[in-house]
Amino acid sequence: EQSSNIGIYSNNVTLKLGGDEKDLLRLIDDLSAESKLRVVSFQWEENSDIVLDDENDDYEMVTKKILTLSLEIYMYEE
């Protein structure tokens, strides 16, 4: 007779993502609905870069939102 042991494991992952704020909010919602992981925390910050506009040969300040997302991923082994 074989005994059945199931191991449940978790791993913490932190992601730093940039992009459109609406898309990032949708990502948080989608990940929150996933049963194999848990959104532990998230934090917004702004990042400003000076970018050269090749068309006008001018520099401009570009500010974008950065999302730091901490997840706990659950895995199991049969």
task = Starting from Leu52, walk the hydrophobic network (Ile, Leu, Val, Met, Phe, Trp, Tyr; side-chain heavy atoms closer than 4.5 Å) and list everyone else you reach, by chain and number.
result = Ile50, Tyr59, Met61
query = Does some side-chain heavy atom of Lys16 sit less than 4.5 Å from a side-chain heavy atom of Glu45?
reply = yes
Pairwise side-chain contact, Thr68 with Thr14, heavy-atom cut-off 4.5 Å (strictly under) = yes
query = If you round to the nearest 0.5 Å, how far is CG of Leu24 from CG of Asp29?
reply = 11.5 Å
message = Give me the atom names and distance for the closest heavy-atom approach of Val13 to Ile73.
response = CG2-CD1, 3.6 Å
query = Nearest heavy-atom pair of Glu60 and Asp53: which atoms, and what distance?
reply = OE2-CB, 3.9 Å
inquiry  = How close do Tyr74 and Ser35 get, counting heavy atoms only, and between which atoms?
reply    = CD1-O, 4.4 Å
task = Could you tell me whether Arg26 and Asp23 have a side-chain N and a carboxylate O separated by less than 4.0 Å?
result = yes
task = Over all heavy atoms of both residues, which pair between Leu69 and Leu27 is shortest? Give the atoms and the distance, please.
result = CD2-CD2, 4.5 Å
query = Where do Ser10 and Glu72 come nearest, in terms of heavy atoms and distance?
reply = CB-CG, 4.2 Å
message = Apply side chain to side chain contact (heavy atoms under 4.5 Å, CB included) to residues Leu71 and Leu31 and explain how you reach the verdict.
response = CA-CA 9 Å; Leu71 305 171; Leu31 292 174; 4.1 Å; yes
query = Tell me, do Leu17 and Ile66 make a side-chain contact under 4.5 Å, heavy atoms counted?
reply = no
query = Is the shortest heavy-atom distance from the side chain of Leu67 to the side chain of Phe42 under 4.5 Å?
reply = yes
request  = Mark yes or no for whether Asn56, through its side chain, and Asp58, through its backbone, hold a donor-acceptor pair below 3.5 Å.
outcome  = no
key: Euclidean distance, Asn11 CG relative to Leu37 CG, rounded to 0.5 Å   = 11.5 Å
remark   = Rounded to the nearest 0.5 angstrom, the CE-OH distance for Met75 and Tyr9 is 9.5 Å
key: Any side-chain heavy-atom pair of Glu46 and Lys64 under 4.5 Å   = no
